[in-house]
Q: 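Take a look at this one; I'll ask things after.
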Amino acid sequence: MRKKIIAGNWKMNKGPDAAREFAVEMTPKVDGGAADVVFCVPYVSLLAALDAAKGTFVAIGAQNMHFEDAGAYTGEVSPGMLKELGVKYVIIGHSERRAYFGETDDIVNKKAKAALVHGLMPILCVGESLEQRNLGITIEHVRIQVKIAFDGISAVDAEKIVIAYEPIWAIGTGVTATAQQAEEACAAVRQVVAELYGQPIADKIRIQYGGSVTADNAAELFAQPNIDGGLVGGASIKADFDRIVNYQ
Ligand code: 13P
């Protein structure tokens with residue numbers, strides 16, 4: 001049985017004060033232990049969130065990182081720096097980073113490997129555009145993204161990765177994939193992992209759905225056999241985020 005993992009991607013919202021306040025309020029409501037819960041907060045709010053979540057089961061994640069250990073990369077943050085703070089997860093290859101900051105599949109692969117070397121758990125995002133869905137190439141596209149992202153990653157490391165299937169057309173639009181669409185894509189992702197690493201690893205790896213998840217649609221989405229929780233954007237910084245975590 002895979003344990004569900006429900007992560008909030010706060011995106012560019014909540015500085016340290018607001019992050020602390022939200023985490024202090026929300027942590028006790030989502031700390032039941034039935035699912036792993038992660039708050040992925042802006043870099044500058046990591047310390048405040050870590051402090052607020054101390055002694056609870058809520059883990060803190062970053063939303064990005066560089067793949068190099070150190071060097072002349074102005075404005076970047078390394079995996080070792082995140083690890084030193086006590087960060088456990090890191091979102092890699094979010095579609096907003098791919099679209100606005102030029103992240104390619106190759107960069108995503110480098111970042112996934114670097115995160116694993118430093119003991120961070122990647123939440124690795126894949127997903128198709130509306131154009132790709134309309135062309136009927138959703139599954140091919142997602143398969144390619146997974147194959148490149150996992151290139152050169154051992155089976156032992158592969159199972160530490162959480163994959164987030166996030167159809168781009170469902171992100172921030174209020175248009176959620178139907179449970180059937182989400183399940184079909186997540187099943188396809190699991191199938192690629194099985195082809196790469198064998199069925200036992202594919203059965204262990206956790207696959208989230210992301211894209212306009214709300215307290216009202218979470219239960220149906222998370223009940224699908226290949227959906228092991230969600231990566232939640234807008235609804236993760238709302239006062240009723242606990243309803244998503246406690247969806248059952
Ligand atoms: P929304 O839940 O706001 O659609 O965002 C999804 C997302 O991008 C999470 O990473």
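Sequence positions, counted from 1, serve as the residue numbers for this chain. Note that ligands are numbered from 1 as they come in the structure, with each ligand's atoms numbered from 1 the same way.
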Q: So is there a nitrogen or oxygen of Gly233 less than 3.5 Å from a nitrogen or oxygen in ligand 1?
A: yes
Q: Under 4.0 Å from a heavy atom of His94: give me the atoms of ligand 1 that qualify, with their elements.
A: 7 (C), 8 (O), 9 (C), 10 (O)
Q: What is the distance from atom CG of Leu124 to atom CZ of Phe150, rounded to the nearest 0.5 Å?
A: 6.0 Å
Q: Is it true that Asp36 and Arg2 have a side-chain N and a carboxylate O under 4.0 angstrom from each other?
A: no
Q: Is Lys110 paired with Asp106 through a side-chain N to carboxylate O contact shorter than 4.0 Å?
A: yes
Q: So, does Glu25 use its side chain to make a donor-acceptor pair with the main chain of Phe22 at under 3.5 Å?
A: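 Such a contact is absent between Glu25 side chain and Phe22 backbone.
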Q: For the pair Gln132 (side chain) and His141 (backbone), establish whether a donor and an acceptor sit closer than 3.5 Å, ignoring hydrogens and angles.
A: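 Looks like no, no N/O pair under 3.5 Å.
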Q: Which ligand 1 atoms are under 4.0 Å away from a heavy-atom of Ser212?
A: 1 (P), 2 (O), 4 (O)
Q: Could you tell me if any non-hydrogen atom of Gly211 lies under 4.0 Å from any atom of ligand 1?
A: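 The answer is yes, since Gly211 has a heavy atom less than 4.0 Å from ligand 1.
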Q: Is Ala170 near ligand 1, meaning one of its heavy atoms is under 4.0 Å from it?
A: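 Right, Ala170 reaches ligand 1.
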Q: Does even one non-hydrogen atom of Gly172 get within less than 4.0 Å of ligand 1?
A: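 A heavy atom of Gly172 does come that close to ligand 1.
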Q: Show which atoms of ligand 1 fall inside a sub-4.0 Å distance from at least one heavy-atom site of Glu166.
A: 6 (C), 7 (C), 8 (O), 9 (C), 10 (O)
Q: Considering heavy atoms of the protein only, find what lies nearest to atom 5 (O) of ligand 1 and give residue, atom and distance to 0.1 Å.
A: Lys11 NZ, 3.3 Å
Q: Between Glu96 and ligand 1, does any nitrogen or oxygen pair lie at a separation below 3.5 Å?
A: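 No, Glu96 has no N/O under 3.5 Å of an N/O on ligand 1.
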Q: One residue to check: Leu231. Relative to ligand 1, which of side chain, backbone, both or neither has a non-hydrogen atom less than 4.0 Å away?
A: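 Both parts.
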Q: Using the side-chain contact (heavy atoms from CB on, under 4.5 Å) rule, pick out the option among Asn226, Ile163, Ile201 that qualifies with Arg190.
A: Asn226
Q: Look at atom 3 (O) of ligand 1 and say which protein heavy atom is nearest, naming residue and atom and giving the distance to 0.1 Å.
A: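 Protein heavy atom with the smallest distance to atom 3 (O) of ligand 1: Gly234 N, 2.8 Å.
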Q: Can we say Glu195 and Arg143 salt-bridge, meaning some charged N sits less than 4.0 Å from an Asp/Glu carboxylate O?
A: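 So Glu195 pairs with Arg143 through a salt bridge.
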Q: For the pair Glu103 and Lys111, find out whether any cationic side-chain nitrogen is under 4.0 Å from an anionic carboxylate oxygen.
A: yes
